[in-house]
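Step one of this worksheet: look at the structure below.
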Amino acid sequence: MRFSRSILVAAGTGAVVTALLAALILSRPVHNPVAVLLLLASVLLCTAMLVQSALSRLACLPTLFVLIYFLIFNIVPALFQVGLDTYFWRLLSYDQATTGAAAALTLAFLVCFAAGQASAGERHYASALQTIRDGERQGRTVTFAAFAIVAFLVGIIPVRLFGVSSMMQSRGSLSELVFAGLDQTGMGLLVYLPRAVLFTGFILMLYGLARRRAAAGGLDRYAVFLPLFLLLLPLQLIVNFPGAQSRFWLFGMLITLGLMFVSFRSVARRLLLIAVFVVGTFTVFPISQQINRHEGFNFDIELPTIEEYLTHGDLDGFQSTMNTIVYVDQFGHSYGRQLASAVLFFVPRGIWSGKSLATGNVTSSALGFRFNNLSAPIIAELYIDGSFFAVILGAFAIGYAYRRLDCLFTAANDVGGVTLYRVLLALVCGFTIILMRGSLLGVMAPVASSIGAVYLVIKAPAWAARLTRQPEPAAAE
C-alpha cells in the first residue's frame with residue numbers, strides 16, 4: 001500500500017506533537033493513566049486529521065474549524081487537566097471510570113467523524129460547483145433591499161430602548177447596568193436577535209457591493225447597495241460594538257468577514273490559520289476574556305502562562321463532558337430532549353412546557369454548581385441524549401456533513417469573488433467552534449438566525465418559482 005506525501009506528513013506531525021505532549025505530561029506524577037493514554041491517541045488522530053485537512057486538495061475550512069476546536073480548545077487542555085488532576089470548576093472530583101469514559105467518548109467521536117468524512121469523499125465537488133453558479137443567477141436586489149430595511153428596523157430597537165452610549169460599553173458594564181432587568185426571553189428578543197439580524201443584513205450588503213454580477217433589472221448595484229450599507233454601518237458599530245460582545249459572537253463575526261474576502265486555496269494560508277489559532281488561544285482569547293469581565297476599559301491586562309490557561313474555565317469542555325457523564329449516571333439520559341430543545345429554540349416555553357434548558361446549565365445545576373453558564377461540547381450533547389450510540393452516529397453524520405461543506409467551500413473559492421454560498425459558508429465556519437463547544441441551546445438562536453436568513457435568501461427565488469409555476473395542462477383524451 002502506498003501513502004501520499006500529505007498523509008505521511010500528517011501522520012509524522014501528529015506523532016511529533018503527541019510525543020512532545022507525552023513528554024510534558026510524563027515528566028510529572030500522572031493521574032488517570034488510562035484517560036491520559038486515550039487522550040494522547042486523540043491528539044495523534046486529531047493532529048494528523050488537522051494537518052491532512054490543511055494539505056488537502058480541497059479547501060477544507062469547515063472541517064478545519066471543527067478540528068481546531070477539538071485539538072486546541074478541548075483535547076490538549078483535557079490532557080493536562082486529567083493528567084495533573086487539576087480542574088477550573090472544583091466542586092466535583094472525578095474517578096478514573098469517569099475520566100476514562102470521557103476520553104473514550106472523545107476518541108470514538110474523532111474516529112467516527114473521520115469515517116463520516118471518508119464516506120463522503122470528494123465526489124460532491126462537481127455538483128457543489130454547479131450549486132454555487134446556480135446561486136448567482138438571480139439578482140435578488142429587491143429581496144436584499146427589503147432585508148436591509150428589516151435589519152435596520154430590528155437593529156434600532158435596542159438603541160431606542162437603551163441608548164447609544166449604553167450600548168457602547170464593555171460587556172461587564174452592559175450586563176450589570178443595562179441588561180440586568182431582562183430575562184432570557186427579553187435578552188433573546190431585544191439583544192441577541194437584533195445583533196444577528198443586523199449583522200446578517202450588513203454582510204449581505206457587503207456581498208451586494210462586492211459581487212461580480214450587476215444587480216437585477218439593470219440597476220447599478222452601487223446605487224442600490226451603497227446607501228443601504230451606509231445606513232446599516234453605524235448601527236452595526238453600535239449594536240455589535242466589539243467591547244460589548246461575547247467572544248463567540250465577536251470572533252464569529254470577524255472570522256465570517258475574513259472568510260468572505262480571503263481565499264484559502266493556498267495550503268500556506270491554511271497552515272497560517274492554524275498557527276494564528278494556536279497563538280491566539282493563549283494571547284487574544286484570555287485578553288478578550290478580561291475585557292468582557294471588567295466594567296469599563298480602564299484596567300491592567302494580565303496574560304496568564306500557557307500552563308495556567310490550560311486549566312482555565314475557558315477550556316472546560318472536557319470537564320463539562322465528565323459532568324454530563326456523572327449527570328447521566330445519576331439522572332439518566334434525556335433521549336433527544338436536549339437536541340430537540342436546541343433545534344426548536346424558537347418555540348416559547350409557554351407553548352412547550354417540557355422544553356429544556358441548555359445542557360451545560362442542566363448538568364451543572366443538578367450537580368450543585370453555583371455558576372451554571374457552562375459549556376457542553378457536542379460530545380456531551382450527544383451523550384446526554386443517547387449514550388455512546390448517539391455519539392457514534394452523530395459524529396459520523398457531522399463528519400459526512402462537514403465534508404460536503406468542504407466541497408461547497410472549495411467550489412466557492414474556485415468560482416472566485418464573493419458569492420452567496422461563500423457568505424453562507426463563512427458564517428458556518430465562523431460559528432463552528434462555538435457550535436462544537438456548546439451549549440447548543442445557549443448559542444443556537446443568533447447563529448441559526450444568521451445562517452438561516454442567508455440560506456433563505458439563496459433558496460427564495462427557486463421556492464418562489466415553484467410556487468408560481470403553472471401546472472401543465474392535462475393531455476386531451
Side-chain angles (χ1 to χ4, degrees), residues 46 49-50 52-54 56 58-76 106 109-110 112-114 116-117 120 128 196 199-200 203 245-260 262 264 269-270 273-274 276-278 280-281 284-285 314-315 317 320 339 342-343 345 359 375-382 394-410 412-413 421-455:
C46 195
M49 292 170 62
L50 181 63
Q52 172 64 15
S53 297
S56 172
L58 295 179
C60 303
L61 266 292
T63 290
L64 214 64
F65 279 98
V66 173
L67 297 173
I68 283 172
Y69 164 73
F70 275 103
L71 184 63
I72 301 175
F73 292 92
N74 189 306
I75 299 171
V76 171
T106 302
F109 181 93
L110 291 174
C112 295
F113 179 85
Q117 297 235 299
F199 177 64
T200 307
I203 60 175
Q245 307 307 308
S246 63
R247 284 169 296 172
F248 95 80
W249 185 248
L250 174 61
F251 291 128
M253 290 192 297
L254 293 176
I255 292 170
T256 299
L257 291 169
L259 295 186
M260 281 177 59
V262 179
F264 280 88
R269 286 186 180 177
R270 293 176 227 159
L273 179 67
I274 296 171
V276 167
F277 267 93
V278 171
T281 299
V284 177
F285 214 63
D314 288 346
L315 308 177
S320 292
L339 287 177
V343 172
F345 66 90
T359 300
S375 67
I378 190 65
I379 296 173
E381 297 278 8
L382 294 167
F396 186 91
I398 292 169
Y400 183 90
Y402 267 82
R403 178 58 77 204
R404 295 290 300 272
L405 292 173
D406 291 338
C407 291
L408 271 174
F409 190 92
T410 303
N413 271 257
Y421 270 98
R422 184 162 179 172
V423 175
L424 177 67
L425 292 161
L427 279 168
V428 172
C429 290
F431 294 105
T432 283
I433 288 178
I434 191 58
L435 289 173
M436 293 298 110
R437 183 178 186 266
S439 299
L440 281 180
L441 182 57
V443 302
M444 186 64 79
V447 174
S449 298
S450 291
I451 294 175
V454 175
Y455 185 77

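It should be emphasised that the depicted structure is a prediction, and the values quoted were computed from it without experimental measurement. Positions are given from 1, in the same order as the sequence printed here.
- Side-chain atoms of Ile379 and Thr106, non-hydrogen and from C-beta on, do get closer than 4.5 Å to each other.
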Show every donor-acceptor pair shorter than 3.5 Å between a side-chain atom in residues 430-445 and any protein atom, with sequence neighbours excluded, or say none if there are none.
residue, atom, partner, partner atom, Å
Thr432, OG1, Tyr402, OH, 2.9
Thr432, OG1, Val428, O, 2.6
Arg437, NH2, Asp314, O, 3.3
Ser439, OG, Gly360, N, 2.8
Ser439, OG, Leu374, O, 3.4

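- Nearest heavy-atom pair, Ile203 versus Met260, reported as atom, atom and distance to 0.1 Å: O-CE, 3.8 Å.
- Atom-to-atom distance recorded for Ile398:CD1 and Leu405:CG is 11.5 Å, nearest 0.5 angstrom.
- Pairing each heavy atom of Ala448 with each of Phe345, the nearest pair is CB-CE2, 3.7 Å.
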Without placing hydrogens or testing angles, list every side-chain donor-acceptor pair under 3.5 Å for residues 60-73, not counting sequence neighbours.
residue, atom, partner, partner atom, Å
Thr63, OG1, Gln117, NE2, 2.7
Thr63, OG1, Asp406, OD1, 3.4
Thr63, OG1, Asp406, OD2, 2.6
Tyr69, OH, Asn74, ND2, 3.1

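- A distance of 12.0 Å separates OG1 in Thr256 from CZ in Arg422, rounded to the nearest 0.5 Å.
- Checked against side chain to side chain contact (heavy atoms under 4.5 Å, CB included), Phe251 has the following partners two or more places apart in sequence or in another chain: Arg247, Leu254, Val284, Phe285, Ser288.
- Atom OG of Ser56 sits about 12.0 Å away from atom CE of Met49, to the nearest 0.5 Å.
- Separation of atoms CG (Leu427) and CD1 (Ile451) is listed at 6.0 Å; rounding is to 0.5 Å.
- Screening residues 59-72 for salt bridge (Lys or Arg N to Asp or Glu O under 4.0 Å) gives no qualifying pairs among residues at least two apart or on separate chains.
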Residue pair Ser450, Trp249: steps toward the side chain to side chain contact (heavy atoms under 4.5 Å, CB included) verdict: CA-CA 11 Å; Ser450 291; Trp249 185 248; 3.7 Å; yes
Criterion side chain to side chain contact (heavy atoms under 4.5 Å, CB included) on Leu408 and Leu424, from CA distance to verdict: CA-CA 10 Å; Leu408 271 174; Leu424 177 67; over 6 Å; no
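- With sequence neighbours left out, Ser375 forms a side-chain hydrogen bond (donor to acceptor under 3.5 Å, both in side chains) with Asp316, Ser320.
- A heavy-atom distance below 4.5 Å is found between the side chains of Phe248 and Pro446.
- Listed here is the closest heavy atom pair of Leu58 and Cys407: CD1-SG, 4.2 Å.
- Ile75 places a side-chain heavy atom less than 4.5 Å from the side chain of Leu110.
- Annotation: side chain to side chain contact (heavy atoms under 4.5 Å, CB included) contacts of Val262 (sequence neighbours excluded): Phe264, Arg269.
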